[in-house]
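Labels below follow one simple rule: chain letters A, B, ... track the order of the sequence lines, proteins then strands, and each chain is numbered from 1. Given the structure is predicted, the values throughout are model-derived calculations rather than measurements.
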Amino acid sequence: MPELPEVERLRLSLLPHLLGARVERVAIYREDVCECVHGGEVVPTNAFALLEGAGIESLHRLGKHLAIASAGGPAIEVHLGMSGQVLVHEGPLPEPSEAKATHTHLAWTLRSGGATRTMIFRDPRRFGGVWGFASFDQLRERRWGGLGPDALEVTGEHLFEQTRGSARSIKAALLDQSLLAGVGNIYADESLFAVGVSPRRLCKRVSREQCERLAQAIRVILAAAIASGGSTLRDYVDADGKQGASQFAHKVYGRSGEACAACGGVLRTATIAQRTTVWCPTCQK
DNA sequence: AGGATAGCCTGCGGGC
DNA sequence: TGCCCGCAGGCTATCC
């Protein structure tokens, strides 16, 4: 379940394969995981909008969203959703039958120096997708305009200003990508545990000082997760197929019924903000 | 208008 | 052993 740290790890692992590479060909196996936009209009899915013929200049990330941009030309956004993966390998483009069997929806032939590689986007559950734009500016405006600041750089002041007086739970707010971009179910629970705030607590009952500590916990926990390779319970791998390791560092996520690392009490679980939530009723108020 | 809810989709694991 | 059902989850559309 990719969140910000997994997407950043993916970005870093893609850099050596993509920077300076030219896209020779794009194979589209499933059009309906793509959306292409040109001149503000949604246009039929096409290889050029998905970088065919372009030279790749930069990779960007905002929250859980990854962008691959050419110099002054097209740019694509990849969103991994629940089960999306981007992988680079040495082999040729997959045959349609193989693509179907592996839920591979798109593939790019990359030419870099003398080497030819294949990048694929696969996503069994298809909650993710790929968006093509005529420029990175258009991508940013159209796809990223509604997102809050990147969670790696969120401030307590921003959290407080955006949540003060709100009647929803702090957990719901942390999951709201328009408030801050990149926190999902795992790191929402981990961050709340780190600062001793119950996921059920209403935003209007979260103080400025608590927002300050929460913002710092979010930044520190996400940075640590990036440093340790991104978390994964099942689906996540980077561009080279390597799994992350930071699931071992989760203090509450996936540990319902286990002992709290801080007080030894039993971690409990409930559905909060439509998400399975785990917290320590003793440590988190 | 803010906040809650349904639905999308497949794979996996528990229970029988 | 094999089948069925429930759950996992980010995001959008829709409802209240």
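Atom CZ in A:Arg30 sits about 8 Å away from atom P in B:dC9, given to the nearest Å. B:dT5 atom P lies 14 Å from atom CG of A:Leu175, rounded to whole Å. In this entry the distance linking CE of A:Met82 with P of C:dC11 reads 11 Å, nearest Å. When rounded to the nearest whole Å, the span between CD of A:Glu6 and P of C:dG9 equals 13 Å. As a whole-Å value, the separation of A:Asp176 CG from C:dG9 C1' is 16 Å. B:dA4 atom C1' lies 16 Å from atom NZ of A:Lys171, rounded to whole Å. Between A:Arg122 atom CZ and B:dG11 atom P the separation is 9 Å, expressed in whole Å. With rounding to whole Å, A:His103 atom NE2 is found 13 Å from B:dC9 atom P.
Aromatic ring orientation, A:Tyr187 versus A:His250: perpendicular (interplanar angle above 60°, classes split at 30° and 60°).
Applying the 4.0 Å criterion to OP1 and OP2 of C:dC7, one finds that A:Thr276 has every side-chain N and O outside that range. Contact annotation: A:Tyr187 side-chain N/O to C:dG10 OP1/OP2 distance is not under 4.0 Å. A:His79 has a side-chain polar atom (N or O) that falls below the 4.0 Å cut-off from OP1 or OP2 of C:dC11.
Residues A:Glu6 and A:Arg9 are not paired through a salt bridge, judged by the lack of any N-O separation under 4.0 Å between the basic side chain and the carboxylate. Checked for salt-bridge contact, A:Arg208 and A:Glu157 meet the test: a charged N lies under 4.0 Å from a carboxylate O. Between A:Arg126 and A:Asp123 there is no salt bridge, since none of the side-chain N atoms of the basic residue sits less than 4.0 Å from a carboxylate O of the acidic one. A salt bridge is defined here as a Lys NZ or Arg NE, NH1 or NH2 lying under 4.0 Å from an Asp or Glu carboxylate O, and A:Asp150 with A:Arg61 meets this definition.
Ranking B:dT5, B:dT10, C:dG9 by closeness to the A:Pro124 side chain, first place goes to B:dT10.
Remark: the A:Arg275 side chain and the C:dG10 base include a donor-acceptor N/O pair separated by less than 3.5 Å.
Mapping A:Arg168 and A:Phe127 onto DNA chain B via the closest heavy atom, the residue that lands nearer the 5' end is A:Arg168.
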